[in-house]
Every structure is written in structure tokens, then in C-alpha cells.
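Everything on this sheet refers to the single structure shown next.
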Amino acid sequence: MLRIIDTETCGLQGGVVEVASVDIVNGEIVNPMSDLVRPDRPISHQAMAIHRITEEMVADKPWIEDVIPRYYGSPYYVAHNASFDQRMLPELPNSEWICTVKLARRLWPGIKYSNMGLYKSLKLEVETPAGLYHHRALFDCYITAALLLRIMDESGWEPEQMVTITGRPALVSTMAFGKYRGKPISEIAEQDPGYLRWMLNNIKELAPDLRMTLKHYLEN
């Protein structure tokens with residue numbers, strides 16, 4: 001069994017407001033679960049504009065510590081940009097993690113790697129939950145599950161191989177946020193290296209792959 005998991009948060013700094021998962025069993029997407037969660041901090045306006053989860057929607061919901069035991073029980077957890085969700089969910093048992101961003105970079109170099117970007121470019125077929133939309137955790141779980149099935153079908157990788165690929169550092173091709181969002185990091189390094197140095201020195205929560213990429217381009 002592979003459990004695809006996703007979180008929505010108060011912002012890049014954390015504070016889970018929603019968690020959801022689906023399982024892949026014998027090539028089928030099954031066992032959907034989702035919970036709204038009372039966060040430990042205010043929801044930023046930027047995050048609220050993305051996932052549309054408001055303070056009122058989560059004011060009376062349980063804390064993440066009370067919800068997360070429902071999601072125990074898988075030897076493998078899968079997420080799109082797994083380092084982020086793993087950091088958001090330290091309460092999960094010490095299982096293996098698989099990152100579909102890293103797998104997609106390895107399998108299809110040179111394309112856009114956002115969840116919805118891959119969904120569209122690969123023409124993935126999946127029946128998503130009625131009434132939900134992109135950036136709601138359960139909806140995104142279905143997209144990631146369909147992506148993982150395509151990856152496994154085209155690559156033939158077994159779970160342990162995917163765990164190994166996930167554990168290897170990988171260069172990031174484009175900036176995913178900030179004033180240079182969508183621009184190749186190699187170009188940013190040439191035109192505004194000071195911005196990359198500022199990111200390294202001031203954003204403590206940078207994903208390991210991004211941190212390694214910024215150092216790579218600044219040192220070469």
C-alpha cells in the first residue's frame with residue numbers, strides 16, 4: 001500500500017488547516033480521508049486566497065495531534081514536494097517518504113513540475129471529489145495519486161527505488177515563489193545573485209533541494 005497525503009497550511013511557515021489522504025492498492029485509488037484542522041496560528045491572507053479555508057471553517061475543529069492517528073498505518077507516504085508535508089506532519093510515524101516532484105524531474109526533465117502542471121501536460125485521468133478544487137487537500141491527493149500511477153507505469157520503479165530517488169539531492173530548475181516565480185534559477189543567478197544570497201541567509205525553511213540549488217548556482 002502507498003498512502004498519498006497532502007496538507008493545506010496557514011502559510012509557508014506552517015500551521016496545518018487541512019490534511020487528507022488516499023491509498024493506492026493494487027493500482028486503484030481507494031480509502032479517501034480528509035479533516036479540517038484547527039491551526040496553531042492565524043491563517044495568512046495569501047494562504048486563504050489560495051485554499052479558501054477561512055478561520056471560521058476551522059475554529060471548532062480538532063488539533064492536528066488529535067486527527068493524525070487516523071492517517072497512521074502505511075509503510076510509505078507519498079506527497080508532491082514531500083519535504084514540505086513531512087515537515088508539516090512531524091506527528092506521523094517514521095515511515096518512508098516518496099516525493100512525486102523528484103520522481104517527475106527524474107523521469108521527465110525540462111517540464112513544469114507543479115501538481116496541476118503535470119496533471120495537464122500528462123493528460124492524467126482521475127475522478128476528483130465533487131465540490132472540491134485545486135489546493136484543497138483531498139482534491140490534490142487524487143491528482144498526486146494519478147501522477148504516481150503514471151510514474152510507476154512508465155518507469156517500472158518499485159517503492160524502495162522511489163524512496164532512494166527521493167532521498168537524493170536534486171537541482172531545482174525554476175523558482176516556485178517570490179518575485180522571480182517561474183523564472184529559471186540559472187538566469188536569476190546571473191542577473192540578481194544578491195537575491196539568491198538573501199534567500200539563503202533569511203529564509204530558514206527553504207526546502208533542501210532549493211537550498212542546494214541556490215548554493216550550486218552561486219558557487220559555479
Side-chain angles (χ1 to χ4, degrees), residues 4-14 44-51 78-88 97-124 126 133-135 137 139-141 143-155 157 161-220:
I4 291 80
I5 199 160
D6 187 72
T7 56
E8 300 300 332
T9 66
C10 295
L12 291 175
Q13 310 303 318
S44 73
H45 294 297
Q46 295 91 334
M48 205 178 303
I50 293 171
H51 52 55
V78 182
H80 203 67
N81 192 13
S83 61
F84 179 82
D85 293 283
Q86 188 174 11
R87 180 162 52 88
M88 293 302 104
W97 281 79
I98 293 169
C99 179
T100 49
V101 171
K102 284 195 170 183
L103 299 181
R105 285 188 189 137
R106 176 76 174 272
L107 193 57
W108 304 297
I111 64 174
K112 294 183 178 180
Y113 299 106
S114 70
N115 212 1
M116 288 304 291
L118 288 164
Y119 169 73
K120 293 176 181 177
S121 64
L122 297 173
K123 297 180 173 59
L124 299 176
V126 58
Y133 41 81
H134 182 38
H135 288 305
F139 183 100
D140 288 352
C141 281
I143 301 300
T144 302
L147 172 61
L148 182 65
L149 287 171
R150 174 68 64 84
I151 288 170
M152 294 172 68
D153 181 60
E154 292 199 14
S155 69
W157 291 329
Q161 290 174 281
M162 295 189 287
V163 169
T164 299
I165 294 168
T166 295
R168 293 172 181 161
L171 290 178
V172 179
S173 58
T174 58
M175 188 65 70
F177 60 89
K179 67 177 182 178
Y180 291 118
R181 181 176 181 177
K183 190 168 185 176
I185 295 177
S186 59
E187 292 185 13
I188 304 170
E190 292 180 1
Q191 298 170 11
D192 193 358
Y195 179 72
L196 301 187
R197 293 191 190 96
W198 177 87
M199 290 180 65
L200 282 172
N201 293 329
N202 293 278
I203 305 179
K204 296 180 180 179
E205 294 78 13
L206 284 177
D209 285 355
L210 180 55
R211 184 172 293 278
M212 184 197 72
T213 300
L214 299 187
K215 290 181 178 179
H216 169 81
Y217 282 111
L218 288 170
E219 292 170 359
N220 292 282

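Everything numeric in this text was worked out from a predicted model, so none of it was measured.
- Taking CG of Leu214 as the reference point, atom OH of Tyr195 lies at 9.5 Å (rounded to 0.5 Å).
- A 6.0 Å sphere centred on NZ of Lys112 holds no more than 12 heavy atoms belonging to other residues, nucleotides or ligands.
- His80 and Asp6 share no donor-acceptor pair across their side chains, judged by distance under 3.5 Å alone.
- Taken to the nearest 0.5 Å, the SG atom of Cys99 stands 12.5 Å off from the CZ atom of Phe84.
- Within the structure, salt bridge (Lys or Arg N to Asp or Glu O under 4.0 Å) contacts touching residues 210-220 (residues at least two apart or in different chains) do not occur.
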Check step by step if side chain to side chain contact (heavy atoms under 4.5 Å, CB included) holds for Thr100 and Tyr113.
CA-CA 9 Å; Thr100 49; Tyr113 299 106; over 6 Å; no

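- The shortest distance between side-chain heavy atoms of Leu103 and Leu107 does not fall below 4.5 Å.
- Looking at His216 and Ile185, their side chains never come closer than 4.5 Å, going by heavy atoms from C-beta outward.
- Checked by atom type and distance alone, the side chain of Asp85 never pairs as donor or acceptor with a backbone atom of Ala79 at under 3.5 Å.
- How far CE of Met199 is from CZ of Phe177: 3.5 Å, rounded to the nearest 0.5 Å.
- Counting heavy atoms from C-beta on, the side chains of Trp108 and Glu154 come closer than 4.5 Å.
- Legend: residues meeting side chain to side chain contact (heavy atoms under 4.5 Å, CB included) with Met152, ordered by chain and number and at least two apart, are Leu2, Leu148, Met162.
- Residues Trp157 and Arg106 meet the side-chain proximity criterion, which asks for heavy atoms closer than 4.5 Å.
- Among pairs with a residue in residues 188-205, those fulfilling salt bridge (Lys or Arg N to Asp or Glu O under 4.0 Å) read Lys179-Asp192, at least two apart in sequence or across chains.
- Residues Thr144 and Asn115 bring a donor and an acceptor atom of their side chains to less than 3.5 Å of each other.
- Judged by distance alone, with hydrogens and angles left aside, the side-chain atoms of Thr174 form no donor-acceptor pair with the main-chain N or O of Gly182 at under 3.5 Å.
- Note that CG of Leu118 is 11.5 Å distant from NZ of Lys120, once rounded to the nearest 0.5 Å.
- Atom CE of Met175 and atom CG of Leu210 lie 5.5 Å apart (nearest 0.5 Å).
- Side chains of Leu200 and Leu218 form a contact here, defined as non-hydrogen atoms less than 4.5 Å apart.
- The backbone N or O of Thr166 sits less than 3.5 Å from a side-chain atom of Lys102, completing a donor-acceptor pair.
- Between Ile143 and Val126, the closest side-chain pair of non-hydrogen atoms falls below 4.5 Å.
- Rounded to the nearest 0.5 Å, atoms OG (Ser83) and CE (Met88) are 9.5 Å apart.
- Considering every non-hydrogen atom in both Ala47 and Cys10, the closest pair reads CB-O, 3.4 Å.
- Proximity of a side-chain donor or acceptor of Asp140 to a complementary backbone N or O of His135 within less than 3.5 Å is detected.
- At a threshold of 4.5 Å between non-hydrogen side-chain atoms, the residues Ile5 and Val78 do not count as touching.
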